[in-house]
Protein chains: 2
Amino acid sequence: MKRVSLKDIADSLKVSKTLVSLVLNGKGDQWGINGDTQKKVINKARELNYHPNQMARGLRTGKSNIIGLVVADISNHFYAKISRTVEREVTKLGYQLLVCSSDEIENKEHNLIDLLKDRQRAEGIIVATTQKKASQFKQLIKEQFPIVFIDRNPAIKGASYVGVDNRQGAFEMVEHLIEQKIDKIGLINISPTHISSLSERVEGYKKALKKHGISYSNSIHAVSYFDVEKTTDEAVRQLIAPSCGMKALFAVNNYVAVNCLQAIHKMNIRIPEDVSLVCFDDMDAFKFSQPPLTTVAQPLEQIGEEAVKLLMAQIIDKDFSPRTKILPANIVVRKSSGAIKHERGK
Amino acid sequence: MKRVSLKDIADSLKVSKTLVSLVLNGKGDQWGINGDTQKKVINKARELNYHPNQMARGLRTGKSNIIGLVVADISNHFYAKISRTVEREVTKLGYQLLVCSSDEIENKEHNLIDLLKDRQRAEGIIVATTQKKASQFKQLIKEQFPIVFIDRNPAIKGASYVGVDNRQGAFEMVEHLIEQKIDKIGLINISPTHISSLSERVEGYKKALKKHGISYSNSIHAVSYFDVEKTTDEAVRQLIAPSCGMKALFAVNNYVAVNCLQAIHKMNIRIPEDVSLVCFDDMDAFKFSQPPLTTVAQPLEQIGEEAVKLLMAQIIDKDFSPRTKILPANIVVRKSSGAIKHERGK
DNA sequence: ATGAAAGCGCTAACAA
DNA sequence: TTGTTAGCGCTTTCAT
């Protein structure tokens, strides 16, 4: 099954490879190539079922037509949805998307980015980084390698970023709970906690409590990404223990929320009668969970679209001025944040 | 920011490109190249931060190191999980994974496969096909292009396939319901219904009912992938209407199940008191849904692993003998299949 | 034990 | 309006 190359078309038509290449790349008119000749070439290409070899073309042009996307876990609904949009958008522009999961391991992410850039010669990368160190990114930005950060802002000078207003979203969520007359609100964070989107949410949470004169000492726990089930059970248990007495739990993202739900169900505690549960990140599953969860929803499609836009400004327009796009996050009220029915402070 | 090439290393070491290539590809010993020279080369490569250009290498060797995965929708939990495993496994073997979503559109899938094979020169493809026509696949198999089918068996001579025993899984689920004294069991299928995994489940469903002497005329409805919400509402409404009187609904996959849950919640009907709901495909979300769902769980990791194994038999060992791996599907009993509490046949 | 040279398929500068 | 040629970076055959 030999593959058809430019040369095959050229030979069978008694013309040069150059001409064929020009025509097939739509530069026929521009170079004033005979209309009939063009048609012949195009027909022949179709007849022989010709497909350009991306590797040869890439080698010659220095363009791979590959965009990389690096996230913590592509099977997480949040990233899966974003990746769908990113794929759709870059495909429209003639690129292919290579998606990798870092498993929230800094080293792995570092390697993945190297691999994408150096081996695959990706032309740009979109990343929700888990790295604490900024050296790799600083270098990338310095050498003007196209890169856009999503979800997690590494706060590096010159970096372009797309995300939501985490502070505001968390702030509003806490105020919503307070409106329900709930003032004992625990926050369940997840380590690695240096991730900007998480710390911003914590800030929003603190700000709201402060505004209402509520203390948050002892009300924040962090579970571990690498041992979620056990650490979540513990965190929930401690926060709702009488000594602590939280009447609402705010899970810092969907992953934590799912584990909180499981932990709470295991303990045979009712939501929202015994404790309310809300979280950042929305998903379909939360519409019909037991009970439906009140969440802060992020505009996932828009995040993907904006990220591609910013990346293309760098790749195509060579515009490396750092841009930041902060989108609004909106509260979706469902049953889980209902006011606690029985007596308080018990 | 010029990239470092083999030549740069060769020049700075006053040796040939050949030698450098040989050493860096681990063929130094095999060619009897001086140990010291090898070390020098390796160190220099590291010092200059050398990375081979995949495109150049691919052009020369005819190998792209790319594997393609084509599914209906990568943001569906089922495919997302499988893709994670596939990615992990092919990465171990030095390949990169390119994932594409067909959106259940036959033409799109056809193009995606062409693109993967012809443009990207993917060395093999794993696909959960939505195509009714077999021509593309027959051609691929005829020319010994490495391809493995997952989840959906196209039933083409010579095709390799990995999936679960859908018939058995559906059969057991229906028997489980019957054990709960539920004998009015509706099935909600989804079009395109020609997909093998779906039709096998329908068969299993029918076989179980037949065994117990229960008729299934009027008890099967199919919703549409392209207008799920509306069609699911209708299907559920009709099946549980007094004229039909189903006491359990069996959703043919997770996507249908999610929509059934939403439809049922909207109608203010209780599960399982008013109607039971079970489905094929398990996900975390079903553990804590309202109520937790009884499901048929597929071994997702294993499906991914086996698919890669079969694909590699073709790519590496050039063994194109068709292999089929049917894995068991297991029932996970939760609350949603509980016996109906109130009087029957009303 | 090491090197020279050809060539994978393509594009683009330059010729004609 | 069309063709010739060089070369992208790599691997591999054949020489030395």
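Keep in mind the model is a prediction, meaning the values are calculated, not measured. Naming convention: chains lettered A, B, ... in sequence-line order (proteins, then strands); numbering from 1 in each chain.
- When each of B:I126, B:T129, B:T324 is checked for a side chain to side chain contact (heavy atoms under 4.5 Å, CB included) with B:F149, only B:T129 meets the rule.
- Rounded to an integer number of Å, the gap from CG of A:N65 to P of C:dC10 is 14 Å.
- Rounded to an integer number of Å, the gap from A:H51 NE2 to C:dC8 C1' is 19 Å.
- Distance, A:W31 CH2 to D:dT1 P: 13 Å, rounded to whole Å.
- Across all strands, B:K63 comes closer than 4.0 Å to no nucleic acid atom at all (heavy-atom distances).
- Rounded to a whole Å, the NZ atom of A:K7 is 17 Å from the C1' atom of C:dT11.
- Backbone-only engagement by A:L19 is indicated by non-hydrogen atom pairs under 4.0 Å involving sugar-phosphate atoms exclusively.
- Here the options are B:I326, B:V162, B:L311, the test is side chain to side chain contact (heavy atoms under 4.5 Å, CB included), and the partner is B:E306; only B:V162 passes.
- The A:R60 side chain lies nearest to C:dC10 when the options are D:dC10, C:dC10, D:dG3.
- When all heavy atoms of B:S83 and B:L69 are compared, the closest pair comes out as CB-CD2, 3.5 Å.
- Proximity of A:N53 to the phosphate of C:dC8: no side-chain N or O atom is located under 4.0 Å from OP1 or OP2.
- Checking C:dA12, D:dT12, D:dT2 against the side-chain heavy atoms of A:T18 singles out C:dA12 as nearest.
- In this structure, A:K117 and B:R3 approach most closely via the heavy-atom pair O-NH2, 3.3 Å.
- Nearer the 5' end of DNA chain D, as judged by each residue's closest nucleotide, is the contact made by A:K17, out of B:A56 and A:K17.
- A heavy-atom distance below 4.5 Å is found between the side chains of A:T85 and A:E305.
- The CG atom of A:L24 sits 13 Å away from the C1' atom of C:dT11 (whole-angstrom rounding).
- Under 4.0 Å is where a charged nitrogen must lie from a carboxylate oxygen, and between A:E301 and A:R88 at least one such pair does.
- Atom CD in B:Q54 sits about 15 Å away from atom C1' in D:dC8, given to the nearest Å.
- For B:S5, the listed nucleotide lying nearest its side chain is D:dG9; candidates were D:dT13, D:dG3, D:dG9.
- Nucleotide C:dA4 holds its C1' atom 15 Å from the CG atom of B:L6, rounded to whole Å.
- The interatomic distance linking B:M55 (CE) with C:dC8 (P) rounds to 19 Å, in whole Å.
- In this structure, A:R57 does not reach the C:dG9 phosphate: none of its side-chain N or O atoms is under 4.0 Å from OP1 or OP2.
- You'll find that the side chain of B:N34 is closest to C:dT2, out of D:dC10, C:dT2, D:dT2.
- Using a 4.0 Å heavy-atom criterion, one finds that B:S21 contacts the bases of the nucleic acid, with or without backbone contacts as well.
- Residue contacts for A:L59: at a heavy-atom cut-off of 4.0 Å it reaches a base atom on one of the strands shown.
- The side chain of A:T61 approaches C:dT11 more closely than any other nucleotide in the set D:dG3, D:dT13, C:dT11.
- Among the heavy atoms of the strands lying under 4.0 Å from A:K27 are primed sugar atoms or P, OP1, OP2 only; no base atom is included.
- Within 4.0 Å of B:L22, counting heavy atoms only, lies at least one base atom of the nucleic acid.
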